[in-house]
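So that the names make sense, note that chain A is the first sequence line, chain B the second, and so on, each numbered from 1.
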Protein chains: 2
Amino acid sequence: MSDSRSEGPTRREAATARRREQILEAALARFVENGYHQTGVRDIAERAGVSVGNVYNHFPSKHHILVEVAELERIEFDRFRRLLAPSDPPASETLHRFVSEYVTFLATPENLILAIELTSEAIRQPDIGELFVANREGLAASLTSVLERGVETGELRADLDASGTARLILELVEGAAYRSLLGDNPVQRIIDDVSGFVSAALRKG
Amino acid sequence: MSDSRSEGPTRREAATARRREQILEAALARFVENGYHQTGVRDIAERAGVSVGNVYNHFPSKHHILVEVAELERIEFDRFRRLLAPSDPPASETLHRFVSEYVTFLATPENLILAIELTSEAIRQPDIGELFVANREGLAASLTSVLERGVETGELRADLDASGTARLILELVEGAAYRSLLGDNPVQRIIDDVSGFVSAALRKG
DNA sequence: CCATATTGAGCGAACGCTCGTTCAGTGTAA
DNA sequence: TTACACTGAACGAGCGTTCGCTCAATATGG
């Protein structure tokens, strides 16, 4: 009764949207648990508490589910972009905080495993690849402006290639996080290693 | 007639070994082309010019084929370990040569794709994971001694954590190479970026 | 040195399953 | 009454693996 007129979603539409999200979350969980190719649509349906057929009422194909899962990652990435947004503290401090947060994020197995799963799918599925690259580029762009700011204030090496360096830092963090998963190194050590390496590479000298 | 006595492999054994290698090479090619899970045993057999059944005369399972493919990678890695073996030139020069060669190797799509495929399988298949870690550790160890040598001769920062730094360098190279695949950046630029970043991080100051 | 027995590489149909996807039918909110 | 979320059986294709079989290369006994 309340909001059926004009805008607001009806009870039914709300329920539908909730179902969709349930399925998406179930898919995410299964992809992390068993990998994309090892996960069947039946697994997703079961985990979501829904029939196989109904999955196809909400998504046109298994592939599209993966695409939407990949889009979920972008939302996570926006958090890190906000962390890198223009602000007062010196660049090196912002940088350290970012490295710390990003490593911590990727050191959580489910986040890292999803990233690797997407990395691997991105090679052969163009739309996943594009999403993946776009995400990375956005993050790299934010990081680049932090570095540029650091160069301007004279805090960092003047001859720094901000854009290239930003990408290298991302790769450093991601690689280090992967190592922490397979070799289960403590997260704090990874953070310190990476931070130390990065600040050594960026300092004036 | 020649060597049937005592040791040497008979004609038959030689042919068998050759077939085995054919199948292995076919599998490698298919895994790179289409990915491990998207490749069927029939695809491997077809590419090798052999029947499905015969594949199972040479390998107990598809999984074991992957394991042997992963072992092939170690042979490649040995090449880089030799490059890092104790020698005369200054550490920074050895380092630069290594970075250059390793990036070039990984910038070849088939090498990188195989590495990613294995990375992704290593998460859920323990034996692949162990092989993978062992390979990386070996390379990291060789790189570590180069760095240690550089510290001893006073060429590199004295407070360097050689072991941790070695691993970071490897991750940097691998990450950068992956970026070159998805964004097709020129190899030489990647080499220069990485080399510059690394030498900045390691130099005294 | 020949005749014969043994081996195991090689084949491809077939097995039991799981896959992604479809669809006729049902119940319920609008 | 209409629209549609929802179900689950069914489909055809493909999966990894096994099977009974053939046949050339090898080992063995005379």
Side-chain angles (χ1 to χ4, degrees), chain A residues 1-24 26-27 30-31 33-69 121 124-125 127-128, chain B residues 1-24 26-27 30-31 33-69 121 124-125 127-128:
Chain A
M1 31 152 162
S2 60
D3 50 10
S4 65
R5 194 175 35 91
S6 70
E7 293 306 273
T10 67
R11 206 189 315 264
R12 205 179 197 190
E13 286 167 333
T16 299
R18 232 178 297 124
R19 269 272 189 277
R20 227 187 104 92
E21 230 171 287
Q22 268 177 34
I23 295 171
L24 218 47
R30 289 299 202 199
F31 291 166
E33 255 177 41
N34 301 324
Y36 176 69
H37 292 290
Q38 295 93 308
T39 296
V41 176
R42 284 162 189 80
D43 298 325
I44 299 171
E46 192 189 14
R47 172 98 175 206
V50 138
S51 69
V52 225
N54 199 19
V55 170
Y56 283 89
N57 284 329
H58 294 273
F59 300 92
S61 71
K62 186 190 172 191
H63 172 76
H64 278 77
I65 298 179
L66 180 64
V67 172
E68 293 226 15
V69 166
E121 293 307 314
R124 273 173 284 260
Q125 307 194 13
D127 43 5
I128 305 285
Chain B
M1 35 158 156
S2 59
D3 51 9
S4 65
R5 194 173 36 89
S6 67
E7 293 306 275
T10 66
R11 204 186 318 262
R12 203 178 198 198
E13 286 167 333
T16 299
R18 232 178 297 126
R19 269 272 187 276
R20 229 188 101 93
E21 230 171 286
Q22 268 176 33
I23 294 171
L24 218 47
R30 289 300 201 198
F31 291 165
E33 255 176 42
N34 301 324
Y36 176 68
H37 293 289
Q38 295 93 307
T39 297
V41 176
R42 282 164 191 79
D43 298 325
I44 299 171
E46 192 189 15
R47 171 96 176 208
V50 138
S51 69
V52 224
N54 198 18
V55 169
Y56 284 88
N57 284 329
H58 293 273
F59 300 92
S61 72
K62 186 191 172 192
H63 172 76
H64 278 77
I65 298 179
L66 180 64
V67 172
E68 294 226 14
V69 166
E121 294 307 315
R124 274 172 283 260
Q125 306 195 13
D127 43 5
I128 305 284

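- B:N57 contributes no side-chain N or O that forms a donor-acceptor pair with the base of C:dG8 under 3.5 Å.
- More than 12 heavy atoms of other residues, nucleotides or ligands lie within 6.0 Å of CD in B:Q38, so this atom counts as buried by the packing criterion.
- Across all strands shown, A:V50 has heavy atoms under 4.0 Å from sugar-phosphate atoms exclusively, and none from any base.
- Between the CD atom of A:Q38 and the P atom of D:dC15 there is a distance of 15 Å, rounded to whole Å.
- Note: CD1 (B:I44) to C1' (D:dG16) measures 10 Å, nearest angstrom.
- Counting heavy atoms from C-beta outward, A:F31 and A:E121 have side chains that stay 4.5 Å or more apart.
- Comparing C:dG20, C:dA13, C:dC11 by their nearest atom to the side chain of A:K62 picks out C:dG20.
- Closest heavy-atom contact between A:I23 and A:I44: O-CG2, 3.8 Å.
- The distance between atom CZ of B:R12 and atom P of C:dG8, rounded to the nearest whole Å, is 8 Å.
- A donor-acceptor pair is defined here as one N or O able to donate and one able to accept, closer than 3.5 Å; such a pair exists between the side chain of B:R20 and the backbone of B:H58.
- Few gaps surround NE2 on B:H63; more than 12 heavy atoms of other groups in view lie less than 6.0 Å from it.
- When heavy atoms are screened at a 4.0 angstrom cut-off, B:R19 is found touching the sugar-phosphate backbone but no base atom.
- Side-chain atoms of B:R42 and base atoms of D:dG14 include no donor and acceptor less than 3.5 Å apart.
- We find that CD1 of A:I23 is positioned 15 Å from C1' of C:dT21, with the value rounded to whole Å.
- Residue A:H58 has its side chain nearest to D:dA5 when only D:dA5, D:dG16, C:dA9 are considered.
- The interatomic distance linking B:E46 (CD) with C:dG12 (C1') rounds to 14 Å, in whole Å.
- Taking only side-chain atoms of B:N54, from C-beta outward, the nucleotide of C:dA9, D:dG16, D:dC6 with the closest atom is C:dA9.
- At whole-Å resolution of the value, CZ in B:R18 and C1' in C:dG10 are 15 Å apart.
- Among the heavy atoms of the strands lying under 4.0 Å from B:G40 are primed sugar atoms or P, OP1, OP2 only; no base atom is included.
- Distance, A:R30 CZ to C:dC19 P: 11 Å, rounded to whole Å.
- Atom CG of B:D43 is separated from atom P of D:dC15 by 6 Å (rounded to the nearest Å).
- Not one side-chain nitrogen or oxygen of A:H37 sits closer than 4.0 Å to the OP1 or OP2 atom of D:dC15.
- The 5' end of DNA chain D is approached more closely, in terms of each residue's nearest nucleotide, by A:V55 than by the other of A:V55 and B:P60.
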